[in-house]
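Scroll down for the structure; my scribbles are underneath it.
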Amino acid sequence: MGILEGKQGIVFGVANKRSIAWAIAQAWHQAGAKLAFTYQGERLRENVQELAETFGSDTLILPCDVSKDEDIASVFGKVGAAFGGLSLLLHSVAFAPRESLEGDFVSTTREAFRVAHDVSAYSLVAITRAAVPLMKDGGSVVAMSYYGAEKVVPRYNVMGVAKAALEACTRYLAYDLGPKRIRVNCISAGPMNTLAARGIAGFSEMLKHYEAHSPLKRNVLPEELGATATFLGSDGAAAITGQVIYVDAGYQIMGM
Ligand code: 0WE
């Protein structure tokens with residue numbers, strides 16, 4: 001009997017088998033949850049279908065561009081019809097235009113700033129609001145963040161500002177939804193070797209830096225993010241809301 005038995009959830013942000021969202025979906029599934037998935041764009045449909053259907057050929061898989069209100073309304077309409085209720089929501093979605101993650105932060109355009117905040121931060125507010133009517137017995141919303149939200153990580157740039165907004169949104173949502181027993185938390189993960197990290201200049205050096213300098217002297221495994229998200233989804237975390245939980249081999253405590 002898993003600790004998420006009888007719970008139903010929706011996962012935003014699977015792109016491929018290396019996605020953090022996929023690691024968390026597997027952990028939630030193994031803990032007994034029934035899951036629906038969304039995918040961003042036709043390009044990713046097959047990938048997500050192939051993965052999600054390992055949980056059963058009847059798995060609900062829906063297109064969703066989180067920057068479109070109509071897509072979000074359609075997804076939650078269909079999830080409501082299929083599930084009747086919802087307990088778990090994973091937000092593992094971020095985007096900033098590539099150029100904005102390369103040069104100086106001071107060069108960030110108004111449009112890059114807008115897109116990064118719309119896709120990476122406002123989307124949490126939009127999908128959480130749409131989930132509230134389905135979370136009749138309370139629920140757990142989990143969003144993914146990164147250390148660049150609180151300290152300068154060279155070239156993370158506007159994504160750092162958007163993750164700071166995401167973490168602040170988490171606190172305000174937690175306050176609003178606490179009376180409905182809906183909890184909202186972030187997991188701040190150490191750097192992971194995902195599609196989103198591919199091609200980022202100096203990324204393998206970043207992994208080596210964590211190995212050398214984090215208290216645990218290693219990087220984080222995807223299944224460790226899954227285990228934390230499973231805890232946050234479970235009744236063991238019933239009094240935890242509005243928090244940023246660091247799953248980063250301890251890196252965040254260091255001053256040097
Ligand atoms: O949040 C992220 C990355 C999210 C991301 C990645 C991309 C790459 C492709 C958002 N938008 C885009 N846009 C693209 O066009 N991380 C925590 C991973 C990451 O990204 C970095 C990092 C780390 C760590 C970028 C610069 C420096 C460090």
Side-chain angles (χ1 to χ4, degrees), residues 11-24 38-41 43-44 47 64-67 90-124 142-170 185-214 216 218-222 224-226 228-229 244-252 254:
V11 172
F12 289 78
V14 178
N16 62 32
K17 66 176 195 301
R18 285 188 157 169
S19 296
I20 290 170
W22 180 238
I24 290 173
T38 70
Y39 62 90
Q40 151 70 59
R43 228 168 18 90
L44 294 175
N47 274 357
C64 189
D65 176 340
V66 294
S67 66
L90 177 67
H91 178 284
S92 186
V93 176
F95 181 77
R98 174 160 289 282
E99 321 79 74
S100 66
L101 300 176
E102 286 168 352
D104 294 340
F105 174 70
V106 72
S107 305
T108 308
T109 63
R110 190 182 299 276
E111 181 62 6
F113 189 99
R114 186 195 66 74
V115 168
H117 283 72
D118 187 17
V119 175
S120 313
Y122 180 74
S123 61
L124 177 69
V142 177
M144 298 308 302
S145 193
Y146 174 62
Y147 188 58
E150 63 176 275
K151 289 282 163 36
V152 172
V153 173
R155 296 186 303 278
Y156 197 59
N157 294 353
V158 73
M159 268 311 306
V161 181
K163 288 300 193 188
L166 179 78
E167 292 183 2
C169 289
T170 296
N185 294 287
C186 282
I187 294 174
S188 184
M192 309 295 292
N193 197 7
T194 67
L195 181 64
R198 193 174 306 161
I200 284 158
F203 189 76
S204 54
E205 286 68 33
M206 199 172 298
L207 294 176
K208 283 188 208 132
H209 184 82
Y210 270 66
E211 267 184 42
H213 299 288
S214 65
L216 295 176
R218 65 175 180 85
N219 280 286
V220 175
L221 301 168
E224 294 171 326
L225 302 179
T228 300
V244 178
I245 311 279
Y246 291 86
V247 182
D248 66 346
Y251 187 86
Q252 186 265 347
M254 301 304 295

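Sequential numbering from 1 along the given sequence is applied to the chain's residues. Order of listing sets the numbers, starting from 1, for every ligand and every atom in it.
By the 30° and 60° cut-offs, the orientation of the rings of His213 relative to His209 is tilted.
For Arg218, the salt bridge (charged side-chain N to carboxylate O under 4.0 Å, His left out) partners at least two apart in sequence or on another chain are Glu224. Not a single salt bridge (charged side-chain N to carboxylate O under 4.0 Å, His left out) links Glu205 to another residue, sequence neighbours left out.
Screening Tyr156, Tyr210, Tyr251 against Tyr147 for a ring-ring contact (aromatic ring centres under 6.0 Å, His included) leaves a single residue, Tyr251.
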Solution key, residues 191-200 side-chain donor-acceptor pairs under 3.5 Å, sequence neighbours excluded:
{"from": "Thr194", "atom 1": "OG1", "to": "Ala196", "atom 2": "N", "distance (Å)": "3.3"}

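For the residue pair Ala149 and Ser145, the shortest heavy atom distance occurs at CB-OG, 4.0 Å.
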Between ligand 1 and the protein, find all N/O pairs closer than 3.5 Å and give the distance for each.
{"from": "ligand 1", "atom 1": "1 (O)", "to": "Tyr156", "atom 2": "OH", "distance (Å)": "2.6"}
{"from": "ligand 1", "atom 1": "11 (N)", "to": "Ala96", "atom 2": "N", "distance (Å)": "2.9"}
{"from": "ligand 1", "atom 1": "11 (N)", "to": "Ala96", "atom 2": "O", "distance (Å)": "3.3"}
{"from": "ligand 1", "atom 1": "13 (N)", "to": "Ala96", "atom 2": "O", "distance (Å)": "2.7"}

